[in-house]
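Presented below is the structure to which this report refers.
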Amino acid sequence: MRISKIQENISINNKYQAQNCQNKYTNQSNNQTYSQIPTNFKYNNIIHFSGLSHRIEPNFVQNIVIGGSKQDTCLIDDVDADIYKKMSDTRKARYRKIFQNFYSDSRINRSEMFDRKNVCLPLNNEYTLEKFIQASKMYLRYKDHQILCLGRSPKWFLDCAVEMKDGLPPYKFVPFSKYWFQKNPRTGLKRLNDMAPTLEEEAAFKKYLLHKRLDPESIVKNMQETGKETIITDYICTGKGVCSFLDLMGRFAEEQGVLEEFSKSIKIVGIGSMDYMEELNPYAEEISMPRAPIPDILKPYENNIKQIFHNLEYGMFSDMLLNQNTNECRSTYWPHDAWTVYNPDRFRTGMVNTSQIKKLAEKFDGKEKYYTSYTPAMRDYRNLVRFRILDGLNERGLLK
C-alpha cells in the first residue's frame, strides 16, 4: 500500500467532512439550531493537564502555527471526569451549546487549528457516539491484562473505558510515532535503516521504557507473575508502526536475554476499519484483515505472538482516527528524532523549552506545528471532545 494513496484518501475524507460540518451541528432530533453563547461571557482560566494545575498567563500557549494569531485564554476550562462530575446542569448545558456551535463560532480562530479546513468536532451525533462507546467497551475484555497503549491512536477509546463503571484500571502509555519499515508486495518487509533511530536515540527510548517498567524484561516478569500477556494496542492499517516498535523491543529483549520469553508475553490488539481498507484498495479482489508484520528479530517466534483485530464502524473511525484535529489533540507526539530532545510527559504542557522545539523543527523544514504546545482553539477542541465523551457515558448510566 502506497503512502501517497493513503494521504490522498485522507485528504478526500477531510474535504468531505468539512463540506458537511454545517449540517451536522444542528440538533439531530428536531433540527433546532442552538443559540450563541453571550459574547462577553468569561470563563475561569484554569488548566488541569497531566495532574498539573496553573492559571494561563498571557502568551503561555506557544503559538508557532504559521498564520496564527495569539489568544491569551481558552473558551472553556480543561475537562476531566472529576471536573465533569462537579459541573452544574447549567454549565453542562453551556458546554453542549459550545460543542454544537463550534464549527460556526466566530471566536474560534481557524488558523489556530491543526487542520484549518476541517474544524468539525467528532462524535457530533448520537449514532457515532454510541459506536465509539461500544468500541471502547471492547477493551473491557482485557481488564485483567496489563495494557500498553502504543502511541496516540487508541488513547480516546482507552480513556473512555477507564471512566466506565467496572471499567479498566489505569493502562500504560508509550508515546511512539513514525516507523522505519516498508512493505513491498514483491520483496516483502524491508527495514529502512536511514529512517531508523540512531544508537543515541535508541538508548534514550530504552531509558524511558526502563523508567516506566515497560522494557521487555519487565513485561516478561509481569507474564510470570500474572499468567496474562501484555496487550499492545494500536491502530493498524499497514502495521508498520507496530512492526517498528517490535523491532526495537525485540533487539532490546535480545540484549536482556529474554527474546523468546518476550514473544510469549505479548498480544497485539489492533483497531481499524475494513471499509477504509476497501476504500484504499478499490480494485482489490480480496482485502485481508490488517495485521502487524513481524520484524526479523522476532520472526523465529512469530507463532507465539497472537494478533486480534477489531473492526470499527467507518463514520466513527473517520471521526476519531482520520480527523487530524482529533489526532493532534489526543496525546503526545514523540518520533524517534525527539527521543533525545524532550521529555514526552512535558510535551504540550508549556514546559518544553521553545528553543528545543525550534531546534527539532529545523530537521523538518521548519514544520513547527508538529511540535508546538496547544493553541487555544486546539485546547478547546480537545476539552470539548472530553466533555462529549463523559457526557455520553453519564447519559447512558455508564460513568463510574
Side-chain angles (χ1 to χ4, degrees), residues 24-32 34-35 37 43 46 48-51 76-102 120-147 149 152-173 231 233 269 271 273 308 310-321 323 326 329-331 380-400:
K24 290 182 178 180
Y25 287 89
T26 56
N27 186 308
Q28 298 291 325
S29 59
N30 58 15
N31 205 34
Q32 172 189 355
Y34 289 92
S35 60
I37 304 302
Y43 296 95
I46 298 291
H48 303 272
F49 190 93
S50 299
I76 66 171
D77 291 348
D78 279 23
V79 179
D80 60 24
D82 290 336
I83 292 172
Y84 175 84
K85 292 170 190 174
K86 295 174 183 177
M87 284 184 182
S88 65
D89 290 341
T90 299
R91 190 179 178 197
K92 289 178 182 176
R94 185 183 300 130
Y95 276 34
R96 292 183 192 117
K97 287 183 179 180
I98 298 174
F99 183 94
Q100 293 291 342
N101 285 329
F102 190 80
C120 288
L121 283 162
L123 310 179
N124 53 67
N125 61 67
E126 290 303 311
Y127 178 78
T128 55
L129 179 60
E130 181 63 29
K131 290 298 181 182
F132 169 78
I133 291 174
Q134 289 177 13
S136 301
K137 282 183 179 179
M138 172 272 295
Y139 281 109
L140 299 186
R141 68 187 67 177
Y142 307 114
K143 64 186 302 182
D144 295 329
H145 294 252
Q146 174 175 256
I147 297 178
C149 175
R152 303 175 291 177
S153 298
K155 205 167 188 303
W156 283 118
F157 301 92
L158 289 168
D159 285 345
C160 179
V162 167
E163 299 303 339
M164 291 181 181
K165 290 179 179 178
D166 301 318
L168 288 181
Y171 60 89
K172 306 287 187 176
F173 173 62
I231 302 297
T233 185
V269 174
I271 56 174
S273 168
I308 299 172
H310 293 277
N311 186 37
L312 305 180
E313 189 272 333
Y314 181 79
M316 182 272 292
F317 162 83
S318 177
D319 270 4
M320 301 307 292
L321 292 168
N323 184 325
T326 308
C329 75
R330 184 180 294 117
S331 184
D380 284 331
Y381 188 101
R382 181 197 66 194
N383 291 334
L384 287 168
V385 177
R386 284 178 176 172
F387 172 80
R388 173 66 167 165
I389 293 169
L390 293 168
D391 205 36
L393 288 175
N394 189 49
E395 289 175 347
R396 290 162 174 77
L398 294 174
L399 185 63
K400 69 179 179 184

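It should be emphasised that the depicted structure is a prediction, and the values quoted were computed from it without experimental measurement.
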Exercise for the section: Taking all non-hydrogen atoms of both residues into account, name the closest pair between L123 and L129 and its distance. Expected result: CD1-CD1, 4.1 Å

Exercise for the section: Write down the atom of R382, the atom of W156, and the distance for their closest heavy-atom approach. Expected result: O-CH2, 3.8 Å

Handout entry: From CZ (F132) to CZ (F317), nearest 0.5 Å
Key = 14.0 Å

Handout entry: Sub-4.5 Å side-chain heavy-atom contact between L393 and Y84
Key = no

Problem - Atom pair CG/CG of D78 and D380 - distance to nearest 0.5 Å - result: 9.0 Å

Practice task
To the nearest 0.5 Å, tell me how far M320 CE sits from C160 SG.
Solution key: 9.0 Å

Problem - Minimal non-hydrogen separation, M164 against I133, with atom names - result: CE-O, 3.7 Å

Fill in the blank from the handout: What one should report as the nearest heavy-atom pair of D166 and K143 is O-NZ, 2.7 Å

Problem - Donor-acceptor side-chain pairing of Y171 and T233 below 3.5 angstrom - result: no

Exercise for the section: State whether R386 and E163 are salt-bridged, where the test is any N-O pair (Lys NZ or Arg NE/NH1/NH2 against Asp/Glu carboxylate O) under 4.0 Å. Expected result: no

Handout entry: Polar side-chain atom of Y381 near backbone of C120 as donor-acceptor pair, under 3.5 Å
Key = yes

Handout entry: E395 CD to D391 CG distance, which is reported to the nearest 0.5 Å
Key = 4.5 Å

Exercise for the section: Compare all side-chain heavy atoms of F99 with those of V385 and state whether any distance is below 4.5 angstrom. Expected result: no

Handout entry: F173 side chain reached by P154 side chain, heavy atoms, under 4.5 Å
Key = no

Completion exercise
Rounded to the nearest 0.5 Å, the CD1 atom of I98 sits from the CD1 atom of I76 at a distance of 6.0 Å

Practice task
May I ask you to decide if D319's main-chain N or O and T326's side chain share a donor-acceptor pair within less than 3.5 Å?
Solution key: yes

Fill in the blank from the handout: Rounding to 0.5 Å, atoms CD1 (I389) and CG (L399) come to a distance of 11.5 Å

Fill in the blank from the handout: side-chain contact (heavy atoms from CB on, under 4.5 Å) filter on E313, not counting sequence neighbours, yields Y127, K131, M316

Problem - Over 12 non-hydrogen atoms of neighbours within 6.0 angstrom of NZ in K92 - result: yes

